[in-house]
Protein chains: 2
Amino acid sequence: MTPKPTLAVVGATGAVGSAMLQMLTHHADVWGEIRLVSSPRSAGRKAPVRGVECEILALDEDAFEGVDLALFLVPEPVAARWAPVAVAKGAVVVDTSAAFRADPDVPLVVPETNPHAARVRPRGIVASPGCTTLALIVAVGALHAEFGLAELVVTAQQAASGAGAGQAGVEALRAQLGLVAGGGDLGTHPGDVRRAIGENTGPFPGPLALNVLPWSGTPGADGASSEEERVRDETRRVLGLPGLRVAATCVRVPVITGHSVSVHARFEHPVPLGRAHEILATSPGVVLYDDPAAGDFPTPADVVGTDPTWVGRVRRSMDDDRALDLFVCADNLRKGAALNALQIAESIVTAL
Amino acid sequence: MTPKPTLAVVGATGAVGSAMLQMLTHHADVWGEIRLVSSPRSAGRKAPVRGVECEILALDEDAFEGVDLALFLVPEPVAARWAPVAVAKGAVVVDTSAAFRADPDVPLVVPETNPHAARVRPRGIVASPGCTTLALIVAVGALHAEFGLAELVVTAQQAASGAGAGQAGVEALRAQLGLVAGGGDLGTHPGDVRRAIGENTGPFPGPLALNVLPWSGTPGADGASSEEERVRDETRRVLGLPGLRVAATCVRVPVITGHSVSVHARFEHPVPLGRAHEILATSPGVVLYDDPAAGDFPTPADVVGTDPTWVGRVRRSMDDDRALDLFVCADNLRKGAALNALQIAESIVTAL
Ligand SMILES: NC(=O)c1ccc[n+]([C@@H]2O[C@H](COP(=O)([O-])OP(=O)(O)OC[C@H]3O[C@@H](n4cnc5c(N)ncnc54)[C@H](OP(=O)(O)O)[C@@H]3O)[C@@H](O)[C@H]2O)c1
Ligand SMILES: NC(=O)c1ccc[n+]([C@@H]2O[C@H](COP(=O)([O-])OP(=O)(O)OC[C@H]3O[C@@H](n4cnc5c(N)ncnc54)[C@H](OP(=O)(O)O)[C@@H]3O)[C@@H](O)[C@H]2O)c1
């Protein structure tokens with residue numbers, strides 16, 4: 001019997017890292033040693049995984065000694081610098097940052113959608129898409145497999161914990177809520193929420209409490225944000241449709257965790273509505289929850305902390321038998337990051 | 001000199017009514033007597049308009065005695081019953097409810113977009129569109145006038161005060177904020193927000209604080225909500241495009257007042273981006289606020305309490321020279337209801 005593989009969790013103390021430790025505790029135990037790694041700021045502290053308190057190591061070359069698989073849950077520049085180090089030490093890296101998502105030598109993988117892509121890893125690295133792509137891709141990918149996707153118009157309502165620096169986003173939103181709750185008529189005069197929140201915007205480009213911010217990430221080309229470009233580029237890569245027409249708008253909403261996406265999709269082939277429901281009801285990783293008159297539709301606050309992609313509001317669009325509208329929700333820390341990365345990692349070590 | 005016309009404000013105590021009283025105080029004073037009307041619940045109380053406290057009358061036939069123009073800012077069934085009474089008493093009615101918006105004998109009017117429609121009033125009634133249509137129509141209508149609209153895919157983030165019963169929606173959201181602010185890790189476990197809020201959902205089909213609800217209004221045909229059908233039907237009517245392809249999704253977000261809409265629009269003719277900016281920057285009732293890298297984009301919390309439709313994030317969509325994406329915000333109580341109705345009323349009495 002070969003020994004179980006050694007896993008490193010790099011970024012174990014972050015928002016995605018904390019979700020990862022919970023998942024490692026509850027998933028089937030394919031791992032031998034699990035090593036927790038973070039910045040020197042958290043090194044020496046302990047964190048629980050599989051019911052045991054583990055000491056957190058500082059990120060350095062030695063941290064990857066004997067590691068078979070390294071999960072990278074750290075900011076993009078940290079991943080860009082250290083993933084190749086882990087590979088040089090003999091580990092396969094699964095990275096949740098954007099550092100390698102556009103690299104043609106790094107597969108971009110969603111296990112339900114393009115599992116085979118993870119087998120070819122010229123750089124020893126596999127990338128996991130961003131949380132907004134991951135919120136919609138499993139459901140949209142299942143429909144694409146049968147009807148052929150032609151066009152996608154999406155508006156993503158992103159949660160505070162998906163702002164790249166997840167932990168900081170959550171803290172900022174909670175602080176802002178404290179400042180606006182009980183605040184008399186706040187939210188009724190121009191800029192009153194902005195004044196109440198003052199400097200406490202955290203990683204957001206304006207007040208998030210009692211507001212919607214139509215901008216996330218950094219400026220991309222042609223007026224798009226980096227988050228919007230990622231939804232387009234990552235969807236194209238995962239589905240293998242380099243010319244797919246995609247219009248994406250990403251807005252930030254005052255939700256702690258749980259991205260929701262309004263999806264308008266047009267297909268190459270006619271889509272019988274009953275068959276679309278059937279596909280969504282039976283696809284792995286998808287839960288169809290769709291009876292709005294009875295109050296059954298997914299919401300971020302209801303699906304947070306769960307693994308699947310939840311789908312509701314599935315309906316014919318524009319009286320066009322090739323077009324559908326639907327609404328999807330997923331936990332951006334789980335399917336949007338930790339779960340997808342762990343699924344990739346498990347599929348790799350199981351195939352080793 | 002003819003005497004100034006007498007105005008009745010029916011529903012003066014509601015969310016839209018309160019915004020109307022403020023507007024009447026600040027708009028050019030074309031009115032003689034202003035009579036405030038509500039349900040018997042509020043009758044006898046006083047409310048300020050033009051700096052004077054006015055006694056509120058109960059809604060009955062006598063309330064319309066001598067009235068030239070009646071603004072109806074009441075629930076749909078109340079408008080359906082009482083607007084014809086006001087007309088029979090000799091008043092022209094401008095109604096903000098959905099009661100007459102689909103009636104072919106009642107024009108549906110947005111003064112910036114189809115002002116002439118208000119001139120032909122077979123039933124003596126003019127309807128004002130719903131707040132979500134009004135949030136987008138002035139900006140989209142200005143672009144349509146030059147490029148010819150072919151297709152619209154919109155996701156509207158609706159505020160609490162736009163929930164039909166505006167006052168009740170605001171109170172419910174404020175109560176919910178109090179229940180979730182300072183609530184430890186609320187928003188991280190499935191259904192924890194729902195449990196914290198309990199029965200305090202108000203007019204919403206679930207918890208709104210720390211959440212997004214992908215359902216508003218009542219069930220329409222084919223899985224759409226009534227709010228989504230209205231966006232489609234009202235946009236078609238106001239623009240005079242009965243066959244316009246429209247896909248609309250309406251979600252409710254935890255914002256007090258201020259609807260925001262993510263718009264994907266396709267036109268009949270190529271749309272030079274510079275010309276689109278120019279049109280939006282110079283159209284009456286529209287403010288272009290569009291430099292996201294500098295933090296300039298409209299948000300509900302910044303535009304609440306203002307009159308215009310604010311437009312930002314204007315960009316090429318899908319590399320298609322006939323497609324644009326943009327983000328619009330407007331105060332649902334002002335341009336979304338009271339302001340549009342008052343503009344219609346002013347245009348009518350000025351032309352009388
Ligand atoms: N949040 C989401 O929904 C989401 C979804 C998909 C992908 N991602 C990606 O996942 C990554 C982590 O996101 P997050 O939201 O979890 O961020 P986070 O809450 O800010 O956590 C960042 C983690 O990285 C560690 N770190 C930071 N600088 C480091 C350094 N120089 N050396 C070693 N470790 C360092 C932090 O350790 P300390 O605690 O010691 O500082 C912490 O564990 C990002 O690349 C993000 O883009 C996030
Ligand atoms: N809120 C928006 O953003 C918005 C936008 C566009 C259109 N609208 C439409 O505008 C109308 C008013 O909405 P709202 O949000 O202002 O509602 P609201 O806050 O609930 O106010 C309702 C108003 O109608 C009065 N009223 C209710 N029942 C009545 C009755 N039987 N007889 C006489 N008056 C009665 C109420 O008087 P009491 O105070 O005495 O009960 C109150 O003044 C609705 O038709 C709504 O669909 C609203």
Side-chain angles (χ1 to χ4, degrees), chain A residues 151 153 155 157 174 177-178 180-182 186-194 205-207 210-215 219 222-225 245-247 249 251 253-257 260 262 264 292-293 295 297-306 312-318 320 323 325 327, chain B residues 151 153 155 157 174 177-178 180-182 186-194 205-207 210-215 219 222-225 245-247 249 251 253-257 260 262 264 292-293 295 297-306 312-318 320 323 325 327:
Chain A
E151 192 176 294
V153 180
T155 296
Q157 285 96 23
R174 289 207 192 281
L177 281 180
V180 303
L186 273 179
T188 53
H189 301 291
D192 59 357
V193 168
R194 190 175 283 272
L210 291 180
N211 207 11
V212 171
L213 291 169
W215 185 253
D222 298 328
S225 69
R245 289 166 65 91
V246 179
T249 299
V251 307
V253 292
V255 165
I256 299 293
T257 294
S260 52
S262 158
H264 168 78
F297 41 74
T299 79
D302 289 326
V303 314
V304 61
T306 73
R313 305 292 328 276
V314 183
R315 59 204 194 276
R316 176 70 60 225
S317 185
M318 296 179 172
D320 180 337
D325 291 335
F327 187 82
Chain B
E151 193 174 295
V153 181
T155 297
Q157 285 93 24
R174 289 206 192 282
L177 281 179
V180 301
L186 272 181
T188 55
H189 301 291
D192 59 358
V193 168
R194 191 176 281 271
L210 292 178
N211 208 11
V212 171
L213 292 169
W215 184 255
D222 299 328
S225 69
R245 288 166 65 91
V246 180
T249 299
V251 307
V253 292
V255 164
I256 299 292
T257 295
S260 53
S262 159
H264 168 77
F297 42 73
T299 79
D302 289 326
V303 315
V304 62
T306 73
R313 304 296 324 279
V314 183
R315 59 204 193 277
R316 175 69 60 226
S317 185
M318 296 180 171
D320 180 335
D325 290 335
F327 188 81

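Naming convention: chains lettered A, B, ... in sequence-line order (proteins, then strands); numbering from 1 in each chain.
Counting heavy-atom pairs closer than 4.5 Å to chain A, the top-ranked of the candidates Asp325(B), Thr257(B), Thr249(B) is Thr249(B). Between chain A and the options Val193(B), Val180(B), Val212(B), the largest number of non-hydrogen pairs under 4.5 Å is found for Val212(B). Across Leu177(B), Val153(B), Leu210(B), the residue that shares the most heavy-atom pairs under 4.5 angstrom with chain A is Leu210(B). Among Pro205(B), Ala293(B), Pro292(B), the residue making the largest number of heavy-atom pairs under 4.5 Å with chain A is Pro292(B). Taking chain A as the reference chain and counting heavy-atom pairs below 4.5 Å, the highest number among Thr188(B), Val246(B), Val253(B), Thr306(B) is found for Thr188(B). By number of non-hydrogen pairs under 4.5 angstrom with chain A, the leading residue of Gly206(B), Ala224(B), Pro219(B) is Ala224(B). For chain B, the option among Ala181(A), Pro190(A), Gly191(A) with the highest count of heavy-atom pairs below 4.5 Å is Pro190(A).
For the pair Arg316(A) (side chain) and Gly223(B) (backbone), a donor-acceptor distance under 3.5 Å is absent. Remark: side-chain polar atoms of Arg194(B) are not paired, donor with acceptor, to backbone N or O of Ala301(A) under 3.5 angstrom.
Taken from CD1 in Ile256(A) to CG in Asn211(B), the straight-line distance is 11.0 Å, to the nearest 0.5 Å. Note: Leu213(A) CG to Ser260(B) OG = 10.0 Å, rounded to the nearest 0.5 Å.
Side-chain contact between His189(B) and Val304(A) is absent, with no heavy atoms from C-beta onward closer than 4.5 Å. Counting only heavy atoms from C-beta outward, the side chains of Val251(B) and Ser262(A) never approach each other to under 4.5 Å. The shortest side-chain heavy-atom distance between Thr299(A) and Pro214(B) falls under the 4.5 Å cut-off.
Contact record, His264(B) with Ala247(A): ND1-CB, 3.7 Å, taken as the closest heavy-atom pair.
Contact of Arg245(B) with chain A is made through backbone and side chain together, with heavy-atom distances under 4.5 Å.
Other residues, nucleotides and ligands contribute only 12 or fewer heavy atoms inside 6.0 Å of the CG atom of Asp222(A).
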